[in-house]
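Encoded as structure tokens, the structure appears first; notes follow it.
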Amino acid sequence: MEQKGDIALIGLAVMGQNLILNMNDNGYTVVACNRTTSKVDEFLQQAAKGTRVIGAHSVEEMISLLKSPRKIMLMVKAGKAVDDTIELLLPHLSPGDCIIDGGNSYFLDTIRRAKSVEGKGMLYIGTGVSGGEEGARRGPSIMPGGSAGAWPLVKDIFKAISAKTPDGSACCEWVGDNGAGHYVKMAHNGVEYGDMQLICEAYQLMKYGVGLDADAMHTIFAQWNTTELDSYLIEITRDILAFKDADGEPLIDKILDTAGQKGTGKWMSVSSLDLGVPVTLIAEAVYARCLSAIKDERVVAATILSGPEEKFSGDTVAFIEDIRKALLASKIISYAQGFMLMREAAKEYGWSLDYGSIAMLWRSGCIIRSVFLEKIKAAFDKNPNLRNLLIDEYFASLIGSCQGSWRRVIAQAVTLGIPVPAFSTALAFYDGYRSERLPANLLQAQRDYFGAHTYERLDKPRGTFFHTNWTGRGGDVSSSTYTA
Ligand code: NBP
């Protein structure tokens with residue numbers, strides 16, 4: 001009898017091919033399919049040679065080669081390609097079959113697709129898959145969400161192929177309904193933007209503030225990786241700084257300083273604005289990339305705009321330790337903001353998210369993997385209803401112990417004219433979040449003055465609104481829209 005596949009995967013680019021090989025290593029039979037069918041043959045003759053992978057050259061053939069209920073994973077370009085492929089599949093599927101989108105889809109698209117596919121009697125999963133090519137091959141972090149009934153169908157496969165934490169747990173857990181998996185993947189990518197920007201600011205301070213060369217910074221990052229900052233991104237930064245170009249000089253010094261982006265950081269910032277959550281650090285990280293991208297303008301501006309003349313003259317060793325602590329404190333803020341956003345999204349979209357479990361999904365196999373995430377898990381284990389990571393005892397005390405350094409570093413950066421947007425916004429958020437009173441009283445007065453938008457009073461119960469005729473010329477009628 002012809003061998004039948006456990007799962008099919010459409011999309012034989014870098015992610016799809018590596019996921020198939022990973023599934024094959026774990027004992028699953030995968031049917032491989034691709035829009036351009038010549039890639040199926042190439043794959044079977046090359047990377048998948050000698051494996052039990054089965055090739056399919058049409059949707060019909062792929063369907064006929066699958067065990068029921070059918071599980072079909074898409075690893076195609078996010079966007080229209082996903083919709084097109086779903087449309088192509090639907091007429092061939094039976095109730096109970098499951099479509100899985102493993103690409104970087106926008107969570108609102110996933111919500112829409114899940115609803116539409118479920119409406120036709122099939123199941124739908126939108127799953128984040130993180131870790132790039134290497135993760136896909138050796139064990140990615142997997143963040144699935146969608147039709148709850150689909151989870152038992154793919155749970156064993158996904159857990160088997162996923163990364164494992166140091167204690168052996170799979171970095172793969174059901175996240176929640178419809179778009180929850182892709183939302184959490186988006187948050188992962190946003191946090192990645194933040195972590196990367198913070199590391200870059202530490203580098204900039206050491207390079208242009210203290211005047212350290214790449215070799216010296218390599219040693220510092222190696223040391224930092226033995227502290228609370230122990231993480232994949234610190235590790236690769238250490239290695240990047242040691243990497244030499246063909247002429248023996250550090251390659252890093254020759255790379256053009258304009259950053260690219262694919263949009264997930266922007267999606268997260270847009271979502272934070274939509275939901276009214278101050279995810280300032282990740283938004284700053286996105287803007288920092290945008291500023292880097294206008295290199296030509298910066299080159300001109302550098303010849304026109306002046307900055308301070310001061311040079312760093314302090315204790316280098318002490319300042320480097322201050323930078324490490326500023327980085328750690330800012331990183332705590334970034335994660336606190338990321339979890340604040342997920343909490344609000346869960347309310348908005350009706351998901352029941354397990355934040356400790358999410359931290360452990362990211363513990364291994366993905367770009368933001370770090371020891372730090374275990375502390376986040378511990379915080380949510382201690383209090384699953386924790387309102388904000390910052391008020392957890394461990395994080396409150398850690399950030400408290402870093403704040404002197406954090407303030408010194410930002411003050412020094414301002415004095416030297418070195419931009420540290422993510423460090424600064426993190427500290428501004430910290431100071432704002434811990435402020436019992438902010439100047440929004442004045443803001444409300446202004447709004448009431450020019451637009452009769454009303455205000456609440458400290459000496460009256462919340463929910464009672466007042467309007468003042470500030471000039472004696474306005475009327476007593478207030479605006480009907482009160483938006484604080
Ligand atoms: P790409 O994002 O480069 O997509 C290439 C695949 O999409 C090919 O198989 C291509 O088929 C297929 N495709 C396209 Br393009 N348009 C199609 C259409 N209209 N109908 C059917 N198939 C179509 O591949 P990737 O880099 O492997 O990424 C796959 C997904 O995983 C993306 O959503 C990506 O954002 C996500 N992701 C990527 C990474 C990474 O490190 N690369 C990491 C994590 C997540 P063809 O061969 O016929 O052109």
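In each ligand, atom 1 is the first atom listed, and ligand 1 is the first ligand listed.
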Practice task
Might you confirm whether atom CZ of Arg52 has over 12 heavy atoms from other residues, nucleotides or ligands at distances under 6.0 Å?
Solution key: yes
Handout entry: Structural part of Asp84 in contact with ligand 1, heavy atom criterion under 4.0 angstrom
Key = side chain
Problem - Flag if over 12 foreign heavy atoms under 6.0 Å of NZ, Lys159 - result: yes
Exercise for the section: Output yes when a side-chain donor or acceptor of His218 lies under 3.5 Å from a complementary backbone atom of Leu241, and no otherwise. Expected result: no
Exercise for the section: Could you tell me whether some N/O pair between Val76 and ligand 1 is separated by less than 3.5 angstrom? Expected result: yes
Practice task
Considering only non-hydrogen protein atoms, determine which one is nearest to atom 2 (O) of ligand 1 and report residue, atom name and distance to 0.1 Å.
Solution key: Lys77 CA, 3.6 Å
Practice task
Name the closest protein heavy atom to atom 36 (C) of ligand 1, giving the residue it belongs to and the distance to 0.1 Å.
Solution key: Asn104 N, 3.7 Å
Handout entry: Pick from Gly102, Ser130, Ala13: the one approaching atom 3 (O) of ligand 1 most closely through a non-hydrogen atom
Key = Ala13
Handout entry: Stepwise ring-ring contact (aromatic ring centres under 6.0 Å, His included) test for Phe107 and Tyr349
Key = CA-CA 11 Å; Phe107 76 100; Tyr349 300 108; 5.3 Å; yes
Completion exercise
Among non-hydrogen protein atoms, atom 48 (O) of ligand 1 lies closest to Thr36 OG1, 2.5 Å
Handout entry: Mode of Leu12 contact toward ligand 1 - side chain, backbone, both, neither (heavy atoms, under 4.0 Å)
Key = backbone
Exercise for the section: Answer yes or no: does an N/O atom from Asn34 fall short of 3.5 Å to an N/O atom of ligand 1? Expected result: yes
Practice task
Could I get the full list of ring pair (Phe, Tyr, Trp, His ring centres under 6.0 Å) partners for Tyr335, not counting sequence neighbours?
Solution key: Phe372
Exercise for the section: Check each atom of ligand 1 against the heavy atoms of Gly11 and keep those under 4.0 Å away; list them by number with element. Expected result: 9 (O)
Side-chain donor-acceptor pairs under 3.5 Å in residues 94-105, sequence neighbours left out?
from, atom 1, to, atom 2, distance (Å)
Ser94, OG, Arg70, NH1, 3.3
Asp97, OD1, Arg70, N, 2.9
Asp97, OD2, Arg70, NH1, 2.6
Asp97, OD2, Ser94, N, 2.8
Asp101, OD1, Gly103, N, 3.0
Asp101, OD2, Ser105, OG, 2.4
Asn104, OD1, Lys185, NZ, 2.8
Ser105, OG, Arg113, NH1, 3.4

Exercise for the section: Quick one: do Gln3 and Thr29 satisfy side-chain hydrogen bond (donor to acceptor under 3.5 Å, both in side chains)? Show the steps, please. Expected result: CA-CA 8 Å; Gln3 167 85 10; Thr29 301; 2.9 Å; yes
Practice task
Give yes or no for whether the N/O distance cutoff of 3.5 Å, strictly under, is met between Gly132 and ligand 1.
Solution key: no
Problem - Over 12 non-hydrogen atoms of neighbours within 6.0 angstrom of NZ in Lys382 - result: yes
Completion exercise
Of Lys39, Glu134, Gln17, Met75, the one whose closest heavy atom lies nearest atom 47 (O) of ligand 1 is Lys39
Practice task
Do me a favour and list the nearest non-hydrogen protein atom to atom 14 (C) of ligand 1 with residue, atom name and distance?
Solution key: Arg35 NH2, 3.7 Å
Problem - Side-chain (Thr425) to main-chain (Ala422) donor-acceptor, under 3.5 angstrom - result: no
Handout entry: Distance filter under 4.0 Å to Val129 heavy atoms, resulting ligand 1 atoms
Key = 44 (C), 45 (C)
Practice task
Specify the protein heavy atom at minimum distance from atom 26 (O) of ligand 1: its residue, its atom name, and the distance to 0.1 Å.
Solution key: Val14 CG1, 3.6 Å
Completion exercise
Under 4.0 Å from one or more heavy atoms of Thr85, ligand 1 contributes atoms 20 (N), 21 (C)
Practice task
Give the residue, atom name and distance (to 0.1 Å) of the protein heavy atom nearest atom 27 (O) of ligand 1.
Solution key: Met15 N, 2.9 Å
